[in-house]
Each structure stands twice: as C-alpha cells, then as structure tokens.
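All remarks here apply to the structure that follows.
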Amino acid sequence: MSIFNLTVFSGVLLTLSAMGQTKNSSSAESAKSVTVGQGEVARWAGNCLRCSFEKRAWDAVNGTCYYPVDMDMEPGKYTISRRTTGGKLESATLTVTENSCQQEDIKNFPKKEYVTVSAKNQARAAKEAAIVNPIISYKAEVRPAVFDLPVGKPANPLPKGEGNFGACRTFDGQPRDRHTGQDYPVAVSKPVLSIGNGRVVLAANQFFSGNAVYIDHGNGLVSEYFHLKSYSVKPNQTVTKGQTIGLTGETGRVTGPHLHLGVRWHGACINPGFLLIDPSDMPEVQ
C-alpha cells in the first residue's frame, strides 16, 4: 500500500473515530434523568400527552407528566418515558433514593382494643381492606383528571404537618404497619375540606381509620381523610375543591384529635405534602 493510501486510510479511521465520539457525546448530552426520594413525586413538563413508569402508563395532567414514587419502592434506577403532543417518544432514568423510616414508639396507648386486636376486629379490618384496596390500587383505565396542582388545603388554616408520613410505628412495643399519611394537628370539630374536585368513592366507619372518606379526583389520584368526628358526604357524590366533607375528630386508632390526609396516585402511596407545593418545586427531569 502506498504512503498516499496509508494516509487516506488513516484519515478515514480518524474521521470515523471523531464521528463516533461526536455521536457518543451527543447521546450523553441528550440523556435525561431525575432523582426522587421514596414517597415523593417527579415531573416532566412540556407538551406531554402520555406518561409511563416501568410497566404502568397514564395520561399527562395539563401537559405535564407526573411520576409518583411509592414510599416502599425499592431504591435504584428505573425507566420512565413520555409521549409528547407532537408524537415524539422520549425516555429518561428515574433514580429512587431511600428516605429513612422515622421510628415512632407510642407507649401507654389508651385504646387497648387496637393493641391487642380481637379475632372479630381482625376479621372486620380484613373485610374493610378488601373494599379499600381496589379503590387505591393502580388501574390501567381511569377517569380524566378533574384537579389542578397544587391541590387545595384540607383545612383552613392548615397547620404544619407533624412530619410522620411513612413513620415506622410500634404500639406499646408491638410493631404495626407504616403510617400512610400526613397528620395535621387540627382541633376537633373543625371543617375538613376536599383537596380538589372529584367523586366520593367511599364514606364509612372503619376499624383502624375511624370515620373515613375517600375521593377520586381522576387520573388515578385518590385522597383519604381519616379519624373524622363525622362526614357529610356519601358515595358517588360529586364534590368541589374546598368543599366541606366532614369534621375533624379522633375516631379509630388515634391518640387524640387530628386530621390524617393520605394520597394514592396510580397506586403509589406518597406524601400528600408534595401535592400542596408549587409543581415547579418538585424534582424535574432534565
């Protein structure tokens, strides 16, 4: 091979190598990601139509994809994607980080029937769970969203939450399930407000939750209000944002009066405080 041919051949290799480096650099630059803690919500804004998180999928809310992360989701890297209104399909990496479980040891619990639960009450709680679980689980087909973010406050005024979402609890030394909501120190008999437009899917007295109301806001979002003194709504009733649905109380497994607000979004148990903040403050795909 002549020197000229060697030079040309080498030049081709260098050119191909440079092209490969440019392509790899471009891919690295275009890779998108977001980091979010257990029980939190990530967002991907901008002309979104459809969103997916691993094997689950749902519609965007007002052009934005939201990705709720269950409080018990295994830390690690997951794939999320979105379909834009222009038909473009994009993917990103969502990294779930661990939020340590706050230990909450409740001693000398006054309602002993909730410490040593009788067979009768265990059976009752199991029947109630069988009704609730389908309401709060992920569904492939859901009603369109009738809410906006941030959602409304469940009480007015709303005091600072007690920071016990996801707490690991013991009652008189006996381990119990993690706390699935956020407690707010609201005095008894204060109005409890729906956080958004929606439809009541369940209003009933339950063993652990006391007087409880569950509201479907569309797009797989369900809000839960527990331990009420009373409720003033019934199943299938349509409610509006800020409407009074009951009064705060201390029914069920509680140490005193407060408002328990829980949220399930596409089956994920999340800290409701993330829906009360400006969406732009959520972790965002970049």
Side-chain angles (χ1 to χ4, degrees), residues 39-41 61 66 68 71 102 104 106 110-111 132 135-136 145-167 169 178-235 237-265 268-279 281-282:
E40 300 177 3
V41 182
V61 177
Y66 292 95
M71 69 175 183
Q102 172 190 336
E104 196 173 52
I106 302 173
K111 298 183 177 182
V132 169
I135 293 173
I136 62 178
V146 291
F147 65 92
D148 294 315
L149 293 179
V151 298
K153 296 179 180 180
N156 188 21
L158 183 69
K160 182 179 179 181
E162 295 181 359
N164 57 357
F165 170 77
R169 289 177 156 182
R178 295 181 67 184
H179 190 232
T180 59
Q182 180 69 262
D183 288 343
Y184 296 93
V186 181
V188 71
S189 296
K190 298 297 182 182
V192 176
L193 314 176
S194 174
I195 62 172
N197 298 335
R199 178 173 58 86
V200 177
V201 286
L202 182 64
N205 178 270
Q206 301 177 323
F207 179 68
F208 287 113
S209 304
N211 290 324
V213 173
Y214 298 76
I215 299 176
D216 177 1
H217 304 280
N219 196 252
L221 179 65
V222 177
S223 58
E224 310 164 334
Y225 313 79
F226 293 168
H227 312 305
L228 306 180
K229 177 181 179 180
S230 61
Y231 49 83
S232 52
V233 292
K234 56 185 178 181
Q237 180 179 338
T238 299
V239 295
T240 57
K241 181 178 180 179
Q243 179 177 334
T244 297
I245 59 173
L247 300 176
T248 52
E250 49 186 325
T251 56
R253 190 176 63 185
V254 295
T255 56
H258 67 274
L259 170 60
H260 170 113
L261 175 66
V263 169
R264 306 294 177 124
W265 200 359
C269 180
I270 61 172
N271 188 334
F274 273 81
L275 302 188
L276 292 166
I277 63 174
D278 191 304
D281 292 329
M282 294 178 181

Do [X] side-chain atoms and [Y] backbone N/O form a donor-acceptor pair below 3.5 Å?
X	Y	value
Q182	N164	yes
N219	L221	no
H258	Y184	no
T248	K190	yes
T244	G246	no

>> Using 30° and 60° as the class boundaries, would you call the ring planes of F226 and H260 parallel, tilted or perpendicular?
In response: parallel
> If every non-hydrogen atom of E40 is compared with every non-hydrogen atom of I270, which pair is closest and at what distance?
Replying inline: O-CG2, 4.1 Å
> Where do V213 and L228 come nearest, in terms of heavy atoms and distance?
Replying inline: CG2-CD1, 3.9 Å
>> Applying side chain to side chain contact (heavy atoms under 4.5 Å, CB included) to R199 and V146, what does each step give before you reach the verdict?
In response: CA-CA 10 Å; R199 178 173 58 86; V146 291; over 6 Å; no
> Say you draw a straight line from OG1 of T180 to CZ of R264; how long is it, rounded to the nearest 0.5 Å?
Replying inline: 5.0 Å
>> Within the supplied structure, the quantity of interest is the number of heavy atoms (other residues, nucleotides, ligands) at a distance under 6.0 Å from K241 NZ; does it exceed 12?
In response: yes
> For K111, does the NZ atom have more than 12 heavy-atom neighbours from other residues, nucleotides or ligands under 6.0 Å away?
Replying inline: yes
>> Here's a test for you: under ring pair (Phe, Tyr, Trp, His ring centres under 6.0 Å), which of F274, F147, W265 qualifies with Y66?
In response: W265
